[in-house]
Number of protein chains: 2
Amino acid sequence: MLKRERHQYIMNKFQEVEKINTIDLALELEISEDTIRRDFNELNNKGLINKVYGGAFLVKDKSKNVFDINIINEDKKIIVGQKALSFLSDGQVIIMSGGTTNLSFCKLIPIDFSATIYTYSLPIAMQLSQHPNIELIFIGGKLQKKAMVTIGIDVVQVLSKIKADICFLGVSSIDENQGLTEMGYEVSVVKKEMIKASGKVIAMATSDKINGKMMHKVCGLEQLHAVITDLNPKSPKVKNFVDAGLNVL
Amino acid sequence: MLKRERHQYIMNKFQEVEKINTIDLALELEISEDTIRRDFNELNNKGLINKVYGGAFLVKDKSKNVFDINIINEDKKIIVGQKALSFLSDGQVIIMSGGTTNLSFCKLIPIDFSATIYTYSLPIAMQLSQHPNIELIFIGGKLQKKAMVTIGIDVVQVLSKIKADICFLGVSSIDENQGLTEMGYEVSVVKKEMIKASGKVIAMATSDKINGKMMHKVCGLEQLHAVITDLNPKSPKVKNFVDAGLNVL
DNA sequence: TGCTAATTTGCAAATTTATGCATAAAATTA
DNA sequence: TAATTTTATGCATAAATTTGCAAATTAGCA
């Protein structure tokens with residue numbers, strides 16, 4: 001029995017029992033206690049089990065993977081993303097802002113889609129790196145760790161020098177009167193610059209973002225080419241936007 | 001029986017069995033254990049199987065998740081990373097190159113470590129974004145999708161303007177005479193620039209990178225302040241480096 | 001086809017890894 | 001505190017592996 005097999009055996013055993021005693025397992029597998037202890041130590045160091053005096057327990061809440069992005073309201077975001085697909089066409093130069101709505105959208109982009117995409121979001125860049133025909137350009141700068149996006153003067157400078165066909169803009173808040181607003185000043189500056197650099201601007205907003213107001217203004221509704229939500233365009237919640245002449249879908 | 005056939009045979013065998021013992025397979029195919037081991041090594045380095053002492057297992061459920069980076073030879077890389085920790089001290093300005101060895105290293109960095117870190121690797125940036133006291137600066141540019149790193153003129157330009165205390169340099173190949181070499185030209189240019197920008201350069205090399213020679217030279221051994229491998233510094237495989245006056249650990 | 005170069009394979013020596021045992025240290029229990 | 005149980009550590013041994021080398025095989029090419 002190879003070491004690796006024993007380790008697997010131990011981990012499987014925890015399906016049946018809550019605790020494994022060192023001595024018992026040594027008898028069961030007919031090997032020395034020392035070996036079991038060494039196994040326990042290794043698994044313990046890997047964070048898989050909890051070694052105690054006399055045996056070991058399974059570690060249950062294994063810390064979740066750093067790279068697992070938890071998307072809240074993913075179903076709504078998928079609806080938004082699917083609608084946004086209609087704005088894609090091969091050969092475009094695209095600016096993709098950050099946020100989980102845009103991340104959901106990126107997951108839906110056909111694998112063979114061909115374009116040049118600028119982004120400053122780490123998760124979105126990783127997602128898009130799966131697409132062989134997308135030329136991907138990451139806009140560097142200081143990282144805002146929480147959102148996993150770069151921000152600041154470096155980002156603005158790069159954006160000020162490019163020209164894109166279309167920008168998919170994740171929104172924090174959208175309101176009939178205030179337009180798009182953001183919580184952080186720096187993000188609002190970056191988004192302004194993205195709008196300036198893009199021919200068309202598509203606002204990607206799940207319904208919970210509607211009628212919110214935040215500190216820093218990004219732009220008025222008139223600067224948006226379209227607003228995409230998870231709602232039916234006839235929904236009363238978006239009636240104001242439609243009435244204002246906005247392209248809502 | 002050709003090598004290719006054997007490799008195929010091995011992979012097919014895993015359809016039936018969970019593990020393959022080196023000796024058993026040697027008997028079964030009536031060839032030497034050495035050949036089986038070499039086969040296992042090759043398949044292991046391709047990430048198809050998991051070689052262990054005494055045999056091999058199939059690498060299964062390669063997660064489809066884009067964000068799950070599969071690190072081959074992770075054990076070795078963890079050993080390298082642990083040794084590298086001794087070079088860290090609070091307040092440093094660090095350049096962290098790409099690669100899974102550095103990624104493993106980053107996973108080991110204490111959560112409260114405080115520093116400024118430049119990187120151009122998406123996975124490493126995501127990993128380091130977990131550290132609240134690290135100021136993280138991502139070097140933007142065109143993305144090389146396979147390695148998930150930015151490359152090209154933009155990266156070189158940013159690097160040419162910064163000054164770091166230390167650089168942790170993932171290596172593709174290291175050789176007594178050739179020094180550090182790379183497969184891709186662009187990567188070699190970026191690495192040269194990193195070395196220029198850094199006070200100290202630490203080469204991070206798992207043992208399978210030793211005595212390899214590739215097309216594009218990065219630097220000679222004399223430019224390295226230390227080489228970290230998973231081997232014991234007394235190991236004969238690194239003797240040449242030690243004899244050349246290099247700091248090997 | 002025949003020759004050369006490159007690759008592959010098996011062998012042997014050196015090295016590493018896994019394992020069990022003895023003993024000392026640490027933790028638990030009474 | 002003392003007695004008992006469990007664990008850590010160093011060491012010995014056997015098995016597995018690495019590595020350099022030479023022979024054998026395969027591939028490339030005139």
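- Contacts of residues 77-85 of chain B with DNA chain D (heavy atom under 4.0 Å): none.
- Closest to the side chain of A:D34, out of D:dT6, D:dG20, D:dT9, is D:dT9.
- Ring orientation note: the planes of B:Y185 and B:H216 are nearly perpendicular, at an angle over 60° on the 30°/60° scale.
- Between B:Y53 atom OH and D:dA15 atom P there is a gap of 10 Å when expressed in whole angstrom units.
- Contact between the side-chain N/O atoms of A:N41 and the OP1/OP2 oxygens of D:dA8 is found at a separation under 4.0 Å.
- Among residue pairs with one or both ends in residues 88-113 of chain B, those qualifying as salt bridge (charged side-chain N to carboxylate O under 4.0 Å, His left out) are B:E74-B:K107; sequence neighbours excluded.
- The side chain of B:S32 has C:dG10 as its nearest neighbour among C:dG10, D:dT7, D:dT26.
- Around the CD atom of A:E18, the shell of radius 6.0 Å holds no more than 12 heavy atoms that belong to other residues, nucleotides or ligands.
- Remark: B:T229 OG1 to B:D208 CG distance equals 10.5 Å, nearest 0.5 Å.
- Side-chain nitrogen and oxygen atoms of A:T35 include none within less than 4.0 Å of the OP1 or OP2 phosphate oxygen of C:dT19.
- Within the structure, every side-chain polar atom (N or O) of A:K3 is placed at least 4.0 Å from both OP1 and OP2 of D:dA16.
- Nearer to the 5' terminus of DNA chain C, by closest-nucleotide assignment, is the contact made by B:I36 (compared with the other of A:E33 and B:I36).
- Residues of residues 20-28 of chain A that place a heavy atom closer than 4.0 Å to DNA chain D, in numerical order, are A:T22, A:I23.
- Between B:T116 and the choices B:I95, B:I94, B:I137, the side chain to side chain contact (heavy atoms under 4.5 Å, CB included) rule is met once, by B:I137.
- When heavy atoms are screened at a 4.0 angstrom cut-off, B:D39 is found touching no nucleic acid atom at all.
- The neighbour count for B:E222 CD, taken as heavy atoms of other residues, nucleotides or ligands under 6.0 Å away, is above 12.
- Distance, B:F40 CZ to C:dT9 P: 14 Å, rounded to whole Å.
- Between B:R6 and C:dT9 there is a side-chain N or O to OP1 or OP2 distance below 4.0 Å.
- Contact annotation for B:R4: no contact, since no heavy-atom pair falls under 4.0 Å across all strands.
- Distances shorter than 4.0 Å separate some side-chain N or O of A:K51 from OP1 or OP2 on D:dA8.
- In this structure, B:L231 and B:E30 both approach DNA chain C, and ranking their closest nucleotides by distance from the 5' end singles out B:E30.
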